[in-house]
Amino acid sequence: MNAPLPPEVLKQHLIDPEICIRCNTCEETCPVDAITHDGTNYVVDPAICNGCMACVPPCPTGSIDNWRLVLKAEPYTLDEQFGWDELPGEKALPDSASTEVAGDVIPPSADEAGVDTSTAVEIDTGTPIAPAISVAGATIPPWSAAHPYVNLYAHKTPVTATVVGNYRVTDDDTDSDIHHIVLDFGNAPFPVLEGQSIGILAPGTDANGRPHHARQYSLASPRDGERPGYNNLSLTVKRVTEDHQGQPAKGVCSNYLCDLAKNDTVQVIGPFGNTFLMPNHAGANLMMICTGTGSAPMRAMTERYRRRIARGTNGRLMLFFGARTQRELPYFGPLMKLPRDFIDINLALSRDTEQPRRYVQDLIRERASDVLTLLHDTNTCIYVCGLKGMETGVLDALRDVVVQGGQDWTILHDILRREGRLHFETY
Ligand code: NAP
C-alpha cells in the first residue's frame, strides 16, 4: 500500500498592514484581480494569486513583498487578513509537510517569466525585480534618476515635522479649497526627490477604534526644499468635503492638514516611491500631464528645473494642466509668471463659462505636432498625475497623436515603459 502523501506547502503572498499606505497600486496592477481591500486592509486572495510578481515593483513601500509558508489546505483567509494589525510570524509546519513548495504559487524568476531584466531595478528588499509589463506605465525610473531613499520612517517610528506654512492656493470664491502646506523636519534626516510622496498620520482613530492609516501626498517641492537649503518640503492638499458619489463626507487627513496652524506638529512616514522620478541628465525633456492636485509633483519637477535655468542644461518642459476653472487651478498666479521660453503651458479648463469644456487629452491632440516631436526624442520622460479617469483618456490621446503621425503606438508605448519614460500616478 502507498504511504499517504505529505501535506502540500504554499508560499502565501501577504501584504504587511503596518507598512501599507493603502494607495491601491497593487489592486490596480494585479492582472488576475487577486488583491482586494476593505476600509482597513489590503489583502491577497490565496485562491487566485499566481505569484506573478506584477504587483511588487510598483508598490511604493515594499509592503506587498511578504510571503509565509503555510499548509496549502490552510492558508490565511481573507477574513483573517482583513483583521490584522500586523503580519503574523512564520507558522510551524508539521514535520510531515512536504519540503516542496506548491509549484503553482512560487514566484517565477525573471528568466522563467520571460521578462527582459536588462532594465531591472533594486527595490528596497534588495531583490532584483524585473519590471512588470502589464501596466500602462513604467515600473522602473528613468535611467538617469537619482537614487531615492524610501521607508526611512514607518508607522511605528514616524518622524515629527513642524508646520511652517499653510495657505490656500485657489481663489476664495471657489468650492475648491486647496492648500499649500510647508513642513520642516528640523534636524531629522528626510532626503527626498521630486515625484516621491510621504505619508501623514492623522491623529485619532477610525470607526473601529484603530489609528487612522497613513494618507499619501506627493511632494510639491524639489529635493533641496521648498526653501532651498532648508530641511523642509511642501504638499498640495485639497480639502475633501464629499465622497466620490457627491455625498457630504469629511476627509479625515485632508481636513486635518488644511486646518493646521503654523508651529503645529505632524507625524510623517516615508519617503515613498522609487519609479515616478525625474531624469537627471542634461537635455532631458519633461512632458507633464496633470489635473487638480495632481499638479504637486509637476510643481516639484518644474521648480527643480527653474532653479537650474542658469546652468543651461535643461531640456524642454511641456505642461498640460486640467482644472475646472482658472480660479480653481492651484498655483495659477506663480505658474503664469514662469518665462514662456522655459515652460510650454497648456491649460485645460472644463467649466469655464466662456469656453467649451476641455480636458488635458483634448489639448494633447491640439498640440499633436509638438507632442510628437517630444515623444520621438529619447530624452523625453512623460508624467501623468491626477484623477484616475484621465489615465485612459491620456493614453488614447497619445496613441492618436502617434498613429496620425504614421507611427506604431504599441511599439512606442512599450519602449516608453521599458525605458522608464512613461509614469502614472492617478487616484
Ligand atoms: P478635480 O478638481 O476634480 O479635477 C480636475 C480637472 O480634471 C477638472 O477640470 C475635471 O473636469 C477634469 N477631469 C475629470 N475627469 C477627467 C478625465 N476623465 N480626464 C481628464 N480630465 C478629467 O481634481 P482634484 O479634485 O484636484 O483631484 C486630483 C486627483 O489627483 C485626485 O484624485 C488626487 O487623489 C490625485 N492626486 C493628488 C496628489 C496630491 O499630492 N495631492 C498626488 C497625486 C494624485 P470636470 O470635473 O469638469 O469633469
Side-chain angles (χ1 to χ4, degrees), residues 21 23-31 51-65 107-151 191-197 216 218-219 223 270-289 297-298 300-301 304 315 374-375 377-385 391 394-395 398 409-426:
I21 50 171
C23 65
N24 206 48
T25 305
C26 55
E27 189 170 323
E28 282 170 26
T29 310
C30 179
C52 73
M53 301 290 274
C55 58
V56 174
C59 170
T61 65
S63 58
I64 192 80
D65 198 11
S109 70
D111 272 357
E112 287 161 354
V115 177
D116 174 11
T117 53
S118 57
T119 48
V121 284
E122 291 266 323
I123 62 165
D124 55 305
T125 55
T127 319
I129 301 290
I133 49 178
S134 60
V135 291
T139 54
I140 56 167
W143 68 269
S144 60
H147 174 78
Y149 290 89
V150 295
N151 291 337
V192 290
L193 292 173
E194 307 78 12
Q196 284 195 292
S197 56
Q216 188 187 5
S218 298
L219 263 60
R223 64 190 75 181
F272 305 119
N274 50 17
T275 58
F276 195 105
L277 302 174
M278 64 190 295
N280 241 354
H281 63 280
N285 309 309
L286 306 180
M287 190 188 298
M288 302 175 284
I289 304 163
M298 314 314 182
M301 292 183 189
R304 167 89 179 147
L374 273 185
L375 283 176
D377 186 337
T378 53
N379 286 313
T380 300
C381 293
I382 305 160
Y383 300 88
V384 184
C385 188
E391 202 170 304
V394 167
L395 276 171
L398 292 175
W409 166 244
T410 313
I411 293 174
L412 180 60
H413 187 191
D414 198 43
I415 292 171
L416 291 171
R417 282 187 305 197
R418 284 179 177 276
E419 294 183 353
R421 297 201 283 124
L422 174 62
H423 293 275
F424 289 88
E425 192 150 292
T426 55

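Residue numbers run from 1 in the order of the sequence given.
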d(L416 CG, I411 CD1) to nearest 0.5 Å is 12.0 Å
With side chains defined as the heavy atoms from C-beta onward, is the minimum distance between I382 and L375 less than 4.5 Å?
yes
Which residues pass the side chain to side chain contact (heavy atoms under 4.5 Å, CB included) test with N24, sequence neighbours left out?
E27, E28, H37, Y42
Do M278 and M288 come within less than 4.5 Å of each other through their side chains, counting heavy atoms only?
no
Restricting to ring pair (Phe, Tyr, Trp, His ring centres under 6.0 Å), what partner residues turn up for F276, sequence neighbours left out?
Y383
For the residue pair Y149 and H147, does the interplanar ring angle fall in the parallel (under 30°), tilted (30 to 60°) or perpendicular (over 60°) class?
perpendicular
Flag, side chain of E194 to backbone of L219, donor-acceptor distance under 3.5 Å:
no
Which residues pass the side chain to side chain donor-acceptor pair (under 3.5 Å) test with T25, sequence neighbours left out?
none
Flag, side chain of R421 to backbone of I415, donor-acceptor distance under 3.5 Å:
no
Take H413 and L398, measure what side chain to side chain contact (heavy atoms under 4.5 Å, CB included) needs, and give me the verdict at the end.
CA-CA 9 Å; H413 187 191; L398 292 175; over 6 Å; no
With the side chain counted from C-beta on, respond yes when C381 and H423 share a heavy-atom pair under 4.5 Å apart, and no when they do not.
no
Residues forming a side chain to side chain contact (heavy atoms under 4.5 Å, CB included) with A145, sequence neighbours excluded
P141, P142, L277
Can you see which heavy atom on G283 is nearest to which on N379, and at what distance?
O-CB, 3.6 Å
Closest approach of I64 and C59, non-hydrogen atoms and distance?
CG2-CB, 3.3 Å
Can you name the nearest heavy-atom pair linking T139 to T275, along with the distance?
O-CG2, 3.1 Å
If you define the side chain from C-beta out and look only at heavy atoms, does anything of I289 sit under 4.5 Å from F424?
no
Can you name the salt bridge (Lys or Arg N to Asp or Glu O under 4.0 Å) partners of E391, sequence neighbours left out?
K388
Residue list, side chain to side chain contact (heavy atoms under 4.5 Å, CB included) with S144, at least two apart or on another chain:
P279, N280, H281
Looking only at heavy atoms, what is the nearest atom pair of A54 and T29, with distance?
O-CG2, 3.3 Å
Taking S218 for its side chain and P297 for its backbone only, find out whether a donor-acceptor pair lies under 3.5 Å.
no
Distance col, row L286:CG vs L374:CG, nearest 0.5 angstrom, shows 9.5 Å
Nearest heavy-atom approach of V150 to G273 is CG1-O, 3.6 Å
By side chain to side chain donor-acceptor pair (under 3.5 Å), Q196 pairs with (sequence neighbours left out) none
